[in-house]
Chemist: 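Just dropping this structure here.
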Amino acid sequence: MTSTLTPQPVERTKPERPGAVARRRTRVLALPEARWAAAATVLFLLALPLQLTGAPAWTWGPLYALSYVTGGWEPGWEGLKALKDRTLDVDLLMVVAALGAAAIGQVMDGALLIVIFATSGALEALATARTADSVRGLLDLAPATATRLSPDGGEKAVAVEELTVGDIILVRPGERVGADGRVLDGASEVDQATITGEPLPVPKERGDEVFAGTLNGTGALRVRVERDASDSVIARIVRMVQEASETKAPTQLFIEKVEQRYSLGMVAATLAVFLVPLAFGAQLTDALLRAMTFMIVASPCAVVLATMPPLLSAIANAGRHGVLVKSAVVMERLGQVDAVALDKTGTLTEGSPRVTDVRPLPGSGLDKGELLTLAAAAERPSEHPLARAVVDAARERGLDLPEARDFTSAPGVGVTAVVGGRTVAVGAPARLLDDTDTDTDNTAAELEESGRTAVLVVVDGTPAGLLGIADRLRPDAAATVASLATLTGSAPVLLTGDNPRAAAHLAAEAGIDDVRAGLLPQDKLDAVRELERAGRKVLVVGDGVNDAPALAAAHTGIAMGRAGSDLALETADAVIVRDELAAVPATVALSRRARRLVVQNLVIAGVFIAGLVVWDLAGDLPLPLGVAGHEGSTVLVGLNGLRLLREGAWQRAAAGESS
């Protein structure tokens, strides 16, 4: 799918709730292409039942005529403009074909062709508009205003566009960071999943870098601005998606790559079939009839249908199984991929932290249930994602949580509460331990080496145990990686903004060797372009804003639908609506089967066209027989393509039968 994204001024609107992003989606009927297509469709649907029920021609004829006009004038005009530039455009050919059908009495067939063509153009225009909506909407991740601090300690709310390098801003708890910069004072946790894809908020303190649009946690931060608003990471993501969409090579279906030459050749041959016999004294009527017959039998209807039904059937079948493929071009391209790049958080993983380990320390006198109960009771008042993971783990185990009193939370450190008369602290080991504790240090190191986040539980001032928390690998991740490796002939690459240790551990579980961690959106884009420079056709699978530039630049992009950002969903060529990772290799395999059916159909159509053309030129092919042969081949290739609608086609693709 090709699209043109034109940068437009963004009018910021106030979100309905803190952290929300205002959405401005183009309405379908706001597009002229959609209005004309809708009008043509309504007129066609009014005329069709009148014709089929035997009503007089004067009742349905004008309706069909209006359908031709409303659905065909715009593509016809575009085709004429292309003809002025000495290009025989498919738009004009389709309109001429529809008028030709009407000229020989096939009024309904011509109108149906016009409606299908107009609807296709409207869908393409809508996809382009929605993608542009999401790119512009991305700018709303950054707040419209920020609190600038003056040298005398005063505060002033200013538009983020007015901030300059060196300004100092105050970021209060729960606010979005107004500009890229570095922390001068304060401590907090910042959710920067939109930029790096990391599943957990990242502790920030003096000297740490923060990004515009990321969400501050419970602490206050003073930040020195280091980049202008136009050069922030969020702004660069917008530019990267725009540039990737504009420079991505235009794509066409296989048959569209040769239709220009074929169409020119057919027009020239039809004129020759008409004029040459006239030059040798043939009757005008006979020459015209032979030329008309030639035009019908040589027209590429069967060739066009050789391509579309298999691809559309594959799209429909994939849609029934929760995969939205946005166009026939995308379905064809999916079968061409020979390299895969996968995001980690929300793609290979479930995207939410879970407790994986509960480890009481020797001498604590607590078992796993008691340790988890104390930790969850203390964490229950907290809104931190790690706290929610601890509470969820306790509830899954059916533990009764006592009430906590005197709850306090220290950003970047942890929480403290009194539970059952005991003072319980839960947080980062490095922040809660004043002195070295061998057992605690060894257990924490072991958890962190295995890719977990270590959380220490201290009871009455004594370390009692540690919890390991991690984003869990999807159950079907390893099987999906293996299937993609088999289909493409090379193992997938992991591209993630998460830390190298966590990424390496998860990649090992999934069976991935090539791990590239700590990547910003630009780095992911560079990795995809590096693979493509090596001659690979790359499939990128991701879900976040930080994946959008890579999704736009890749040969084909697939977004995970459940938690996917609007930008990723609109930028991607296909969406896994049900969030089942195993659907990715199944869709690739289905695309390959569709491409093989296209080749079969092209052979069938070519044989029919060649046979009928030779008969017409060398013999005397009756016009009705020529029409019957042409329509018969069209029906045959159409039915052959519909084989991919069957449930068995998806089951074979899901089982890995790509051949």
Chemist: Has Arg176 got a side-chain atom pairing as donor or acceptor with Gly213's backbone, closer than 3.5 angstrom?
Modeler: yes
Chemist: Does any donor atom in the side chain of Thr349 or Arg472 lie under 3.5 Å from an acceptor atom in the other side chain?
Modeler: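 Per modelled atom types, Thr349 and Arg472 side chains form no pair under 3.5 Å.
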Chemist: Backbone N or O of Glu370 within a donor-acceptor pair of the Asp367 side chain at under 3.5 Å?
Modeler: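 A pair under 3.5 Å: yes.
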Chemist: Assess whether a salt bridge exists between Arg516 and Glu530, defined as any Lys/Arg side-chain N lying under 4.0 Å from an Asp/Glu carboxylate O.
Modeler: yes
Chemist: With side chain to side chain contact (heavy atoms under 4.5 Å, CB included) as the test, would you mind laying out the steps for Ile576 and Leu581 before giving the verdict?
Modeler: CA-CA 8 Å; Ile576 308 297; Leu581 190 60; over 6 Å; no
Chemist: Using a distance-only test with no angle check, is there a side-chain donor-acceptor pair under 3.5 angstrom linking Ser188 and Asn216?
Modeler: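 Asn216 and Ser188 do have a side-chain donor-acceptor pair below 3.5 Å.
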Chemist: Given side chains that start at C-beta, do those of Leu520 and Phe211 come closer than 4.5 Å, heavy atoms only?
Modeler: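 A side-chain contact under 4.5 Å exists here.
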Chemist: Can you check whether Thr423 reaches Thr416 side chain to side chain, under 4.5 Å on heavy atoms?
Modeler: yes
Chemist: List the atom of Ile315, the atom of Val325, and the distance in Å for their closest heavy-atom pair.
Modeler: CG2-O, 3.8 Å
Chemist: Quick check: closest heavy atoms across Pro549 and Pro521, and the distance to 0.1 Å?
Modeler: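 Pro549 and Pro521 have their closest heavy atoms at CG-CB, 4.3 Å.
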Chemist: Looking at side-chain heavy atoms only, is the closest gap between Leu221 and Val223 below 4.5 Å?
Modeler: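 Leu221 vs Val223: side chains touch.
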Chemist: For a quick test of reading the model, state the closest non-hydrogen atom pair linking Leu484 to Pro492 and the distance between them.
Modeler: CB-CG, 4.1 Å
Chemist: Is Asp513 atom CG crowded by more than 12 heavy atoms from other residues, nucleotides or ligands, each under 6.0 Å away?
Modeler: no
Chemist: Would you say Leu366 and Leu374 make side-chain contact, with heavy atoms under 4.5 Å?
Modeler: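 Sidechains of Leu374 and Leu366: in contact.
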Chemist: Are a donor atom and an acceptor atom from the side chains of Glu446 and Asn442 found within less than 3.5 Å of each other?
Modeler: no
Chemist: Using 0.5 Å steps for rounding, measure from the CD1 atom of Ile169 to the CG atom of Leu149.
Modeler: 8.5 Å
Chemist: Between the side chain of Asp543 and the main-chain N/O of Ala559, is any donor-acceptor distance below 3.5 Å?
Modeler: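 No, Asp543 side chain to Ala559 backbone: no donor-acceptor pair under 3.5 Å.
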Chemist: Output the distance between atom CD (Glu209) and atom CZ (Arg182), rounded to the nearest 0.5 Å.
Modeler: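 The CZ atom of Arg182 is 5.0 Å from CD of Glu209, to the nearest 0.5 Å.
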Chemist: Go through Leu170 and Glu155 one step at a time and tell me if the side chain to side chain contact (heavy atoms under 4.5 Å, CB included) criterion holds.
Modeler: CA-CA 8 Å; Leu170 174 65; Glu155 299 180 5; 3.7 Å; yes
Chemist: How many angstroms lie between atom OG1 of Thr556 and atom CE of Met331, to the nearest 0.5 angstrom?
Modeler: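 One finds 10.5 Å between OG1 of Thr556 and CE of Met331.
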Chemist: In terms of side-chain geometry, is the basic nitrogen of Arg474 or Glu580 positioned less than 4.0 Å from the acidic oxygen of its partner?
Modeler: no
Chemist: Do side-chain atoms of Arg422 reach the backbone of Val418 as a donor and acceptor pair under 3.5 angstrom?
Modeler: no
Chemist: Any chance you could measure Thr373, atom OG1, to Leu371, atom CG, to the nearest 0.5 Å?
Modeler: 8.5 Å
Chemist: So that I can tick it off, tell me whether Arg206 and Asp208 are bridged by a salt bridge, with the cut-off set at under 4.0 angstrom between side-chain N and carboxylate O.
Modeler: no
Chemist: Let's go through Val528 and Leu495 carefully: what are the C-alpha distance in whole Å and the side-chain angles of both, what is the deciding distance for side chain to side chain contact (heavy atoms under 4.5 Å, CB included) to 0.1 Å, and is it a yes or a no?
Modeler: CA-CA 9 Å; Val528 170; Leu495 306 179; 4.2 Å; yes
Chemist: Is the shortest side-chain heavy-atom distance between Glu189 and Lys204 below 4.5 Å?
Modeler: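 No. Closest side-chain heavy atoms not under 4.5 Å.
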Chemist: Go through Ile558 and Asp573 one step at a time and tell me if the side chain to side chain contact (heavy atoms under 4.5 Å, CB included) criterion holds.
Modeler: CA-CA 6 Å; Ile558 295 180; Asp573 300 303; over 6 Å; no
Chemist: For residues Gly542 and Thr347, report the shortest heavy-atom separation together with the two atoms involved.
Modeler: CA-OG1, 3.5 Å
Chemist: Could you tell me which non-hydrogen atom of Gly557 sits nearest to which non-hydrogen atom of Leu551, and how far apart they are?
Modeler: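 Scanning both residues, the minimum pair turns out to be CA-CD2, 3.8 Å.
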Chemist: I'd like to check Val481 versus Leu342 (side-chain heavy atoms, cut-off strictly below 4.5 Å). Are they in contact?
Modeler: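 A side-chain contact under 4.5 Å exists here.
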Chemist: Donor-acceptor check, side chain of Ser364 to backbone of Pro360, threshold 3.5 angstrom: yes or no?
Modeler: no
Chemist: Can a donor-acceptor pair be found, under 3.5 Å and without considering hydrogens, that links the side chain of Thr462 to the backbone of Val458?
Modeler: no
Chemist: Do Asp471 and Thr345 touch side chain to side chain, with heavy atoms closer than 4.5 Å?
Modeler: yes
Chemist: Do the non-hydrogen side-chain atoms of Leu539 and Val584 ever get within less than 4.5 Å of each other?
Modeler: yes
Chemist: Looking only at heavy atoms, what is the nearest atom pair of Ala146 and Leu163, with distance?
Modeler: CB-CD1, 3.9 Å
Chemist: Tell me whether the count of non-hydrogen atoms from other residues, nucleotides or ligands lying under 6.0 Å of CZ in Arg354 goes above 12.
Modeler: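 More than 12 within 6.0 Å, yes.
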Chemist: Take Arg452 and Thr356 through the side-chain hydrogen bond (donor to acceptor under 3.5 Å, both in side chains) test and state the conclusion after the steps.
Modeler: CA-CA 8 Å; Arg452 271 70 167 160; Thr356 58; 3.1 Å; yes
Chemist: Which value, rounded to the nearest 0.5 Å, describes the distance between Leu467 atom CG and Asp357 atom CG?
Modeler: 9.0 Å
Chemist: Can you measure from NE2 (His321) to CG (Leu590) and round to the nearest 0.5 angstrom?
Modeler: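 Interatomic distance, His321 NE2 to Leu590 CG, rounded to 0.5 Å: 9.5 Å.
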